[in-house]
Asks: 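Next up is a structure, given as structure tokens.
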Amino acid sequence: MLNLLKTQLGRLRILAFIEGVSFLVILFITMPLKYAFDNPGPNKTFGLVHGLLFILYVLAVIQIKIEQNWNIRKTLLALLVSVIPFGTFWADKKLFQN
């Protein structure tokens, strides 16, 4: 884990994991609480956290694109997977490995 913090790509991998987990929490925990149990509080809180993580993820992908000269296809794929459940976990295995 500490080795991941040493590089921009490693930090992106950590951020992708956290962003992916936050997306799953929203989809499978807070959204059901909001709509099935009329409890919107957790969704507001996690929605804010997830939104901030999503913005950081997008900025990190752009930074990596510039730093490592990613082509447009790889960059767009890295951005696209962030809106697909479990997508960032796939990206960690397929896109973010050196």
Asks: To the nearest 0.5 Å, what is the distance between CZ on F96 and CG on L12?
Replies: 4.5 Å

Asks: List the atom pairs, donor and acceptor, that lie under 3.5 Å between side-chain atoms in residues 19-31 and the rest of the protein, sequence neighbours left out.
Replies:
{"unit_1": "S22", "atom_1": "OG", "unit_2": "E19", "atom_2": "O", "d": "2.8"}
{"unit_1": "S22", "atom_1": "OG", "unit_2": "H50", "atom_2": "ND1", "d": "2.7"}
{"unit_1": "T30", "atom_1": "OG1", "unit_2": "I26", "atom_2": "O", "d": "3.3"}
{"unit_1": "T30", "atom_1": "OG1", "unit_2": "N43", "atom_2": "OD1", "d": "2.8"}

Asks: For the atom pair CG (N69) and CD1 (I64), what is the distance rounded to the nearest 0.5 Å?
Replies: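 Output value for this atom pair is 12.0 Å.
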
Asks: Evaluate whether atom CZ of F17 has more than 12 neighbouring non-hydrogen atoms of other residues, nucleotides or ligands under 6.0 angstrom away.
Replies: no

Asks: Between CZ of R73 and CG of L77, what distance do you get to the nearest 0.5 Å?
Replies: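 Rounded to the nearest 0.5 Å, the CZ-CG separation comes out at 6.0 Å.
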
Asks: Heavy atoms only: give me the nearest K6-R11 pair and the separation to one decimal.
Replies: C-NH1, 3.6 Å

Asks: Would you say the side chain of K74 lies within less than 4.5 Å of the side chain of K65, judging by non-hydrogen atoms?
Replies: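 Counting from C-beta outward, K65 and K74 never come under 4.5 Å.
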
Asks: Minimum heavy-atom separation for G10 and T7, please, with both atom names.
Replies: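 It is N-OG1, 2.9 Å.
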
Asks: Can W90 be reached from V58 by stepping across I, L, V, M, F, W or Y side chains whose heavy atoms are under 4.5 Å apart?
Replies: yes

Asks: Should L59 and W70 be regarded as members of a common hydrophobic cluster, given that ILVMFWY residues are connected when their side-chain heavy atoms come within less than 4.5 Å of each other, either directly or indirectly?
Replies: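 No, L59 and W70 fall in different hydrophobic clusters.
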
Asks: Show the nearest heavy-atom pair for residues A78 and Y57, with the distance to one decimal.
Replies: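 In terms of heavy atoms, the two residues are closest at O-OH, 2.7 Å.
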
Asks: Checking D92 against Q97 for the side chain to side chain contact (heavy atoms under 4.5 Å, CB included) test, could you report, in this order, the C-alpha distance in whole Å, the side-chain angles of both residues, the deciding distance, and whether it holds?
Replies: CA-CA 7 Å; D92 183 54; Q97 298 297 318; 4.0 Å; yes

Asks: If you look at every heavy atom in L15 and A60, which pair is closest and at what distance?
Replies: CD2-CB, 4.0 Å

Asks: Roughly how far, to the nearest 0.5 Å, is OG1 of T75 from CD of Q68?
Replies: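 These two atoms lie 10.5 Å from each other.
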
Asks: Does L4 share a hydrophobic cluster with L56, counting links as ILVMFWY side-chain heavy atoms below 4.5 Å and allowing steps through other members?
Replies: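 Yes; L56 is reachable from L4 via cluster members.
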
Asks: Is there a path from I55 to I14 through hydrophobic residues (I, L, V, M, F, W, Y) whose side chains come within less than 4.5 Å of each other?
Replies: no

Asks: Flag yes if V83 and I62 sit in one hydrophobic cluster, no otherwise; membership is Ile, Leu, Val, Met, Phe, Trp, Tyr, and two members link when side-chain heavy atoms are under 4.5 Å apart.
Replies: yes

Asks: Could you tell me whether N71 atom CG has more than 12 heavy atoms of other residues or ligands within 6.0 Å of it?
Replies: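 Enclosed.
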
